[in-house]
Amino acid sequence: MDAHNRRVIEEFRARGGKVGGMYDGMPLLVLHHVGARTGARRTNPVTYQRLDETGFAVFASNDAAAAHPDWYHNLRAHPRTVIEVGGRTIDVLARVADGAERERIWSRQKELNPLFAKFEERTTRQIPVVILETI
């Protein structure tokens, strides 16, 4: 998966935040994060939902795997980070949405991209919604 992510990120950067192929038309951002145990710097392309002028939501679906993705744990340990979106680099603070806020954002994401409803059907865990607030 690392090679795949590298190719997606390279295309993302070369095309000013746009990616084709299976990601064509999907809103993607590049999430920077620091390993919770290793301290290693990492990047992942992730689908996002724009919340307002100061926030983005990302979804720890991990393609419906039984465990949360590594980036989720890394953001819990190191919530201050950086994202690349729309040709810009933005400082953000990550927090996990819960309750009604999570349900509102998650329901909207399933409407925007039905693939997320399929992820929800294929896993027994609740898929976390992570809010990235600009700082």
Side-chain angles (χ1 to χ4, degrees):
M1 191 59 154
D2 286 335
H4 171 77
N5 283 347
R6 275 193 302 276
R7 284 191 303 274
V8 170
I9 291 169
E10 286 171 7
E11 181 179 354
F12 177 94
R13 288 175 176 158
R15 296 184 62 209
K18 304 280 186 208
V19 179
M22 65 188 268
Y23 300 106
D24 190 36
M26 272 190 209
L28 289 181
L29 59 78
V30 174
L31 176 66
H32 294 247
H33 51 102
V34 176
R37 289 174 292 173
T38 66
R41 296 193 178 281
R42 305 193 184 287
T43 54
N44 285 85
V46 294
T47 300
Y48 73 90
Q49 182 187 135
R50 182 70 175 183
L51 299 178
D52 54 34
E53 291 303 311
T54 62
F56 303 83
V58 293
F59 309 91
S61 63
N62 205 16
D63 292 331
H68 300 321
D70 291 342
W71 63 256
Y72 171 80
H73 300 290
N74 295 343
L75 289 178
R76 297 291 308 258
H78 304 285
R80 187 178 178 130
T81 193
V82 174
I83 61 172
E84 298 172 49
V85 63
R88 300 179 343 196
T89 301
I90 303 170
D91 293 320
V92 295
L93 186 63
R95 67 176 176 81
V96 178
D98 59 9
E101 178 186 41
R102 182 210 175 270
E103 288 307 313
R104 177 179 49 79
I105 296 166
W106 179 245
S107 293
R108 178 74 177 133
Q109 185 63 19
K110 292 187 295 183
E111 290 172 11
L112 292 170
N113 187 338
L115 181 60
F116 285 85
K118 291 179 183 173
F119 290 154
E120 184 176 54
E121 291 170 4
R122 293 181 7 221
T123 187
T124 58
R125 66 183 174 87
Q126 184 179 66
I127 295 171
V129 173
V130 179
I131 308 299
L132 304 172
E133 296 174 322
T134 59
I135 50 177

Distance in Å, [X] [atom1] paired with [Y] [atom2], rounded so as to fall on 0.5 Å steps:
| X | Y | atom1 | atom2 | value |
| --- | --- | --- | --- | --- |
| L31 | F56 | CG | CZ | 12.0 Å |
| L132 | I83 | CG | CD1 | 5.5 Å |
| T81 | N74 | OG1 | CG | 9.5 Å |
| N44 | R6 | CG | CZ | 11.5 Å |
| H78 | H33 | NE2 | NE2 | 11.0 Å |
| E103 | Q126 | CD | CD | 6.0 Å |

Linking I/L/V/M/F/W/Y whenever any side-chain heavy atoms sit under 4.5 Å apart, do [X] and [Y] land together?
| X | Y | result |
| --- | --- | --- |
| Y48 | Y72 | yes |
| I9 | V46 | no |
| L28 | V92 | no |
| M22 | V8 | yes |
| V96 | V129 | no |

Side-chain ([X]) to main-chain ([Y]) donor-acceptor, under 3.5 angstrom:
| X | Y | value |
| --- | --- | --- |
| Q49 | I105 | yes |
| R125 | S61 | yes |
| R122 | D63 | yes |
| E11 | G20 | yes |

Heavy atoms from other residues, nucleotides or ligands near [atom1] of [X] exceed 12 (cutoff 6.0 Å):
| X | atom1 | result |
| --- | --- | --- |
| R95 | CZ | yes |
| R50 | CZ | yes |
| D70 | CG | no |
| K110 | NZ | yes |

ask   = Salt bridge or not for R108 and E111, using N-O below 4.0 Å?
value = yes

ask   = Does the side chain to side chain contact (heavy atoms under 4.5 Å, CB included) test come out yes or no for T47 and Y23, once each step is laid out?
value = CA-CA 9 Å; T47 300; Y23 300 106; 5.6 Å; no

remark   = In terms of heavy-atom contacts, T123 and A65 come closest through OG1-O, 3.5 Å

request  = May I ask you to check whether W106 and E120 show a side-chain donor-acceptor distance below 3.5 Å?
outcome  = yes

Does any part of the side chain of [Y], heavy atoms only, come nearer than 4.5 Å to the side chain of [X], both counted from C-beta?
| X | Y | result |
| --- | --- | --- |
| I127 | F116 | no |
| W71 | V58 | yes |
| E101 | I131 | yes |

message = Would L29 and I90 count as a side chain to side chain contact (heavy atoms under 4.5 Å, CB included) here? Give the steps.
response = CA-CA 11 Å; L29 59 78; I90 303 170; over 6 Å; no

